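What follows is a set of notes on a single structure, which appears directly below.
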Amino acid sequence: QVFISVTSVLDMSVFKGQLVLEDLVEDIRKQSTDLSFGPLQSSGQIIVQGSFPAFQVLTDFLLQKAESLSEKDSTEESKSHQRLRRRRLQEHRSTTEPRNSVCDAHGEKQVVVLDTDIYQYMKHFLPHLFQGKDGVVISNVTDGDITTVCVGNAAGARAGLVSSVRKDLEDWSLKLHSILHKERISFKEHSRDEKHQYQQACESLKACYPQVLVMTYDTHIDVIGLSSDILKFSKEVSR
């Protein structure tokens with residue numbers, strides 16, 4: 001398993017006055033078994049560690065919790081506070097969202113945060129997921145190891161279509177996260193001729209490994225695919 005783990009500080013203080021924070025933390029521990037949780041601080045903050053897909057599931061759970069609490073409030077003031085809580089909970093989804101992207105257009109919008117390597121693999125082998133259709137427009141911003149994908153309703157897409165596209169992206173991300181591996185071939189100690197030979201070897205092997213993604217950079221080559229394919233591919237490149 002080569003994809004990195006993410007560590008985040010989760011601010012539970014947004015639920016103060018509505019729920020007992022200790023009980024809520026216990027609920028999310030049971031609901032998010034793939035994540036590791038630190039102790040709940042007096043400030044309401046808690047350190048959480050795990051994979052991108054597991055964080056996505058946790059975020060959806062907390063957003064649903066915030067929405068259900070909002071529906072129970074009867075006064076305009078309390079409803080305003082709940083909308084503020086929902087915006088704060090959504091911050092980690094949209095911190096890399098471009099101001100001029102389709103996400104700022106009028107209409108429904110949803111965001112998916114992906115590991116950049118998984119995004120590149122999906123973009124190459126599953127391009128239909130990002131093409132958009134029937135009024136759905138998809139944009140993305142890559143910031144290092146994280147790629148934020150925005151699914152927006154720019155032309156009156158039918159109800160539920162944006163959510164369906166987002167779910168397809170999440171489902172494929174979860175599936176690929178559990179089966180993909182990456183091997184990096186570094187050029188740090190290789191001459192220019194050796195670097196060229198590695199590049200030629202990778203190019204010549206692409207046809208033999210149609211499910212392997214080869215990404216060439218100035219300093220290294222990244223190879224992403226199933227573990228069995230990556231093992232064989234790497235051995236053949238070395239030869």
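Since we're looking at a predicted model, the values are computed, not measured. Heads up: numbering here begins at 1 and tracks the sequence. The figures that follow rest on heavy atoms only: side chains count, while hydrogens, waters and symmetry mates do not.
Atom OG of residue Ser43 and atom NZ of residue Lys16 lie 7.0 Å apart, to the nearest 0.5 angstrom. Note: Ser32 OG to Gln56 CD = 11.5 Å, rounded to the nearest 0.5 Å. Atom CD of Gln120 sits about 10.0 Å away from atom CG of Asp115, to the nearest 0.5 Å. Atoms CE and NZ, from Met215 and Lys182 in turn, are 6.5 Å apart once rounded to the nearest 0.5 Å. Atom CD of Gln200 and atom CG of Leu205 lie 11.5 Å apart (nearest 0.5 Å). Annotation: the span from Leu62 atom CG to Leu24 atom CG amounts to 6.5 Å, rounded to 0.5 Å.
The aromatic rings of Tyr119 and Phe130 sit perpendicular, their planes meeting at an angle over 60°, well past the 30° parallel limit.
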- [ ] Go through Arg184 and Tyr217 one step at a time and tell me if the side chain to side chain contact (heavy atoms under 4.5 Å, CB included) criterion holds.
- [x] CA-CA 11 Å; Arg184 173 163 293 181; Tyr217 303 93; 5.8 Å; no
- [ ] Using the side chain to side chain contact (heavy atoms under 4.5 Å, CB included) rule, take Leu226 and Gln211 through it: C-alpha gap first, then chi angles, then the decisive distance, then the call.
- [x] CA-CA 8 Å; Leu226 300 178; Gln211 297 305 311; 5.8 Å; no
TODO: Would you please test Leu58 and Ile28 for side chain to side chain contact (heavy atoms under 4.5 Å, CB included) and show each step?
DONE: CA-CA 7 Å; Leu58 173 61; Ile28 64 175; 4.0 Å; yes
Open item on the list: Using side chain to side chain contact (heavy atoms under 4.5 Å, CB included), reason through His128 and Leu126 one step at a time and then give a plain yes or no.
Closed with: CA-CA 6 Å; His128 65 278; Leu126 302 166; 3.9 Å; yes
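Minimum heavy-atom separation, Ser227 to His181: CB-CD2, 3.4 Å. For Pro53 against Leu174, the heavy-atom pair with the smallest separation is CB-CD2, 2.8 Å. What you find for Met122 and Leu169 is that their closest heavy atoms are CE-O, 3.7 Å. Heavy atoms only, all atoms of each residue included: Cys202 and Ile221 are closest at SG-CD1, 3.8 Å. When all heavy atoms of Met12 and Leu21 are compared, the pair lying nearest together is O-CD2, 3.3 Å. Annotation for His124 and Pro127: closest pair O-CD, 3.8 Å, computed over non-hydrogen atoms.
Between the side chain of Lys188 and the backbone N or O of His220 there is no donor-acceptor pair closer than 3.5 Å. Side chain of Gln18 to main chain of Phe15: no donor-acceptor pair is present (N/O by atom type, distance under 3.5 Å, no hydrogens or angles). Formation of a donor-acceptor pair under 3.5 Å by the Thr147 side chain with backbone atoms of Thr142 is not found in this model.
Under the side chain to side chain contact (heavy atoms under 4.5 Å, CB included) test applied with Val25, the options Leu40, Leu19, Val20, Leu10 reduce to a single match, Leu40.
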When the side chains of residues 228-239 are checked against the rest of the protein, which donor-acceptor pairs come out under 3.5 Å, sequence neighbours left out?
| unit_1 | atom_1 | unit_2 | atom_2 | d |
| --- | --- | --- | --- | --- |
| Ser234 | OG | Ile230 | O | 2.9 |
| Glu236 | OE2 | Tyr209 | OH | 2.5 |
| Ser238 | OG | Ser234 | O | 3.0 |

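In the hydrophobic clustering of this structure, Val48 groups with Ile146; members are Ile, Leu, Val, Met, Phe, Trp, Tyr whose side-chain heavy atoms approach within less than 4.5 Å, directly or through other members. A single hydrophobic cluster is not seen to contain both Tyr121 and Ile185; linkage of ILVMFWY side chains at heavy-atom distances under 4.5 Å, directly or through other members, places them apart. Under a hydrophobic-cluster definition in which Ile, Leu, Val, Met, Phe, Trp and Tyr are linked whenever side-chain heavy atoms come within less than 4.5 Å, directly or via other members, Val57 and Phe55 are assigned to different clusters. Connection of Ile179 to Phe125 is established within a shared hydrophobic cluster, with ILVMFWY side chains joined at heavy-atom distances below 4.5 Å, either directly or through further cluster members. By the criterion of side-chain heavy atoms lying less than 4.5 angstrom apart, applied directly or through intervening Ile, Leu, Val, Met, Phe, Trp or Tyr residues, Ile224 is not grouped with Phe187; the two fall into different hydrophobic clusters.
Taking a 6.0 Å sphere around NE2 of His196, one finds it holds 12 or fewer heavy atoms contributed by other residues, nucleotides or ligands.
With sequence neighbours left out, Phe37 forms a ring pair (Phe, Tyr, Trp, His ring centres under 6.0 Å) with no residue at all.
Contact of the Glu26 side chain with the Lys30 side chain is registered, since non-hydrogen atoms from C-beta on lie closer than 4.5 Å. Using a 4.5 Å heavy-atom threshold, the side chains of Ile138 and Val165 count as touching.
For the residue pair Ser13 / Asp11, a side-chain donor-acceptor distance below 3.5 Å is found, with atom types taken as modelled.
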